[in-house]
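Data first, discussion second: the structure below is written as structure tokens.
Residue numbers count from 1 along this sequence. Everything numeric in this text was worked out from a predicted model, so none of it was measured.
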Amino acid sequence: MKIAIIYDSITGNTKKIAEEIKKEIDESNLIYFGEPEKEIEADLYIVGSWTDKGMCSKKITEFLKQLKNKKIAYFGTAGFGGSIEYYEKLYNRVKEIIDSSNTILGYFYCQGKMPMSIRDRYVKLITENPEDKNIQVSIENFDEALMHPNYEDISNVKKWIEGIIN
């Protein structure tokens, strides 16, 4: 089986998950590993992205839109969240851009750290609005995300891809 791992990573989280997936793939089957390109022909596309305002990146959106009659497994990282319900919402948004001729074999999400500029923005907002509990929750989420992807995330993605491949 020809397998391509295509990903877009802005802070390194998605790349880290892609590299862990790559370790689980037989090298003789892996025909491509990297950012999206137009002319990748594979039997299975393992596609991953960071989350940009609740959606995958523009690069991955464009790549997914061009796939027809393919097998796809999707993975993503998101700075905010950690709940299964949130990840399901993100996946459902991505699923909408995938042509119905494709077969989606599953999806995986985990939390990932965000750029420090986001925390700086939250701190500025909380300074201006000290009573705003939502901003405090955002700061706490940011701090939790700094520890991801962690050992548990990596263990979970390995189990996930094993299930997809088998």
Side-chain angles (χ1 to χ4, degrees), residues 1-67 70-95 97-99 102-119 141-166:
M1 176 176 9
K2 296 189 301 184
I3 299 172
I5 301 172
I6 295 101
Y7 67 91
D8 186 24
S9 185
I10 197 164
T11 58
N13 302 318
T14 309
K15 181 179 182 180
K16 182 175 183 174
I17 295 298
E19 288 170 343
E20 294 299 328
I21 291 170
K22 181 181 178 185
K23 291 176 186 176
E24 302 303 308
I25 306 293
D26 185 321
E27 282 186 34
S28 66
N29 293 333
L30 187 64
I31 59 141
Y32 184 82
F33 180 83
E35 292 193 8
E37 291 184 5
K38 288 217 184 267
E39 303 299 321
I40 303 168
E41 278 301 319
D43 299 314
L44 171 60
Y45 295 82
I46 303 169
V47 181
S49 178
W50 57 285
T51 300
D52 184 14
K53 299 174 194 84
M55 186 56 168
C56 60
S57 72
K58 288 179 177 70
K59 283 183 190 178
I60 293 299
T61 295
E62 293 308 310
F63 182 79
L64 287 171
K65 283 182 176 180
Q66 56 125 10
L67 295 178
K70 305 294 183 186
K71 290 181 184 170
I72 302 169
Y74 184 80
F75 69 97
T77 58
F80 198 83
S83 78
I84 293 169
E85 296 80 16
Y86 178 64
Y87 294 150
E88 192 171 305
K89 283 181 187 178
L90 295 176
Y91 167 69
N92 285 329
R93 290 179 191 147
V94 172
K95 189 167 75 169
I97 63 167
I98 298 173
D99 189 84
N102 294 299
T103 302
I104 302 171
L105 302 179
Y107 73 96
F108 173 86
Y109 270 91
C110 70
Q111 196 168 21
K113 61 187 162 293
M114 297 174 270
M116 287 305 288
S117 60
I118 292 174
R119 190 178 198 288
N141 179 78
F142 180 95
D143 292 344
E144 169 64 24
L146 287 173
M147 296 179 268
H148 292 270
N150 62 18
Y151 176 80
E152 183 179 357
D153 299 326
I154 290 167
S155 177
N156 288 338
V157 78
K158 287 181 176 200
K159 289 177 195 163
W160 172 76
I161 198 60
E162 184 179 298
I164 296 292
I165 299 301
N166 297 331

**Study point:** Donor-acceptor under 3.5 Å (Asn102 side chain, Asp99 main chain)
**Key:** yes
Exercise for review: Specify whether Tyr74 and Tyr91 have parallel, tilted or perpendicular ring planes, treating 30° as the upper limit for parallel and 60° as the lower limit for perpendicular.
Suggested key: tilted
Exercise for review: Compute both the distance and the angle, then confirm whether Lys70 meets the cation-pi test with Tyr45: under 6.0 Å from the six-membered ring centre, within 45 degrees of the axis.
Suggested key: no
Check your understanding: How about Val157 and Cys110: do any of their side-chain heavy atoms sit closer than 4.5 Å?
Key -> no
Study note, to complete from the structure: CD1 (Ile21) and CD1 (Ile5) are apart, to the nearest 0.5 Å, by 6.0 Å
Exercise for review: Report the C-alpha separation of Arg119 and Met116 in whole Å, then their side-chain angles, then the decisive distance to 0.1 Å, and conclude whether the side-chain contact (heavy atoms from CB on, under 4.5 Å) test is met.
Suggested key: CA-CA 5 Å; Arg119 190 178 198 288; Met116 287 305 288; 4.1 Å; yes
Review point. Could you walk me through whether Lys2 and Tyr32 pass the side-chain contact (heavy atoms from CB on, under 4.5 Å) check?
Key: CA-CA 9 Å; Lys2 296 189 301 184; Tyr32 184 82; over 6 Å; no
Practice item. Flag the pair Phe80 / Phe142 as yes when their ring centroid distance falls below 6.0 Å, and as no otherwise. Key: no
Review point. Under 3.5 Å, is there a donor-acceptor pair between the side chain of Ser49 and the main chain of Ser57?
Key: yes
Point to revise | Pairwise side-chain contact, Val47 with Phe75, heavy-atom cut-off 4.5 Å (strictly under) | key: no
Review point. Picking from Thr77, Asp8, Asn13, what satisfies side-chain hydrogen bond (donor to acceptor under 3.5 Å, both in side chains) with Trp50?
Key: Asp8
Check your understanding: Taking the side chain as C-beta and beyond, is there a heavy-atom pair between Leu64 and Ile60 under 4.5 Å?
Key -> yes
Practice item. Write down the atom of Phe33, the atom of Ala18, and the distance for their closest heavy-atom approach. Key: CE1-O, 3.5 Å
Exercise for review: Applying side-chain contact (heavy atoms from CB on, under 4.5 Å), run through Ile72 and Leu105 and close with a yes or a no.
Suggested key: CA-CA 6 Å; Ile72 302 169; Leu105 302 179; over 6 Å; no
Check your understanding: Can you tell me how far OH of Tyr109 sits from CD of Glu88, rounded to the nearest 0.5 angstrom?
Key -> 11.0 Å
**Study point:** Closest non-hydrogen atom pair, Lys113 against Leu146
**Key:** CB-CA, 3.8 Å
Exercise for review: Compare every heavy atom of Ala145 with every heavy atom of Gly79, then report the nearest pair and how far apart it is.
Suggested key: O-CB, 3.6 Å
Review point. Closest heavy-atom contact between Asn141 and Met114?
Key: ND2-CE, 3.8 Å
Review point. Do Lys89 and Asn92 touch side chain to side chain, with heavy atoms closer than 4.5 Å?
Key: no
Exercise for review: Hey, could you give me the NZ/CG distance between Lys23 and Leu30, rounded to the nearest 0.5 Å?
Suggested key: 14.0 Å
Practice item. Classify the side-chain pair His148/Glu144 by whether it contains a donor and acceptor separated by less than 3.5 Å. Key: yes
Check your understanding: Is the number of heavy atoms from other residues, nucleotides or ligands under 6.0 Å of Lys158 NZ greater than 12?
Key -> yes
Check your understanding: Within the distance-only criterion (no hydrogens, no angle test), does the side chain of Thr51 pair as donor or acceptor with the backbone N or O of Gly54 below 3.5 angstrom?
Key -> no
Revision key, fill the gap. Looking only at heavy atoms, the pair that brings Lys15 and Ser9 closest together is N-OG, 3.2 Å
Exercise for review: State, with a plain yes or no, whether a side-chain heavy atom of Ile25 is found less than 4.5 Å away from one of Ile46.
Suggested key: yes
Point to revise | Nearest-0.5 Å distance, CG of residue Leu67 to NZ of residue Lys65 | key: 12.5 Å
Exercise for review: Would you mind reporting whether Glu20 and Glu24 have side-chain heavy atoms less than 4.5 Å apart?
Suggested key: no
Study note, to complete from the structure: For Ala78 and Leu90 the tightest heavy-atom approach is CB-CD1, 3.8 Å
Practice item. Could you grab the distance from atom CD of Glu37 to atom CD of Glu35, nearest 0.5 Å is fine? Key: 9.0 Å
Point to revise | 4.5 Å side-chain heavy-atom contact, Lys16 and Asp153 | key: no
Check your understanding: Heavy-atom distance under 4.5 Å between the side chains of Ile17 and Thr14, does that happen here?
Key -> no
Check your understanding: Is there a side-chain contact (heavy atoms from CB on, under 4.5 Å) between Ile3 and Ile165 once you walk through the steps?
Key -> CA-CA 10 Å; Ile3 299 172; Ile165 299 301; 3.8 Å; yes
Point to revise | Flag, side chain of Asp52 to backbone of Met55, donor-acceptor distance under 3.5 Å | key: no
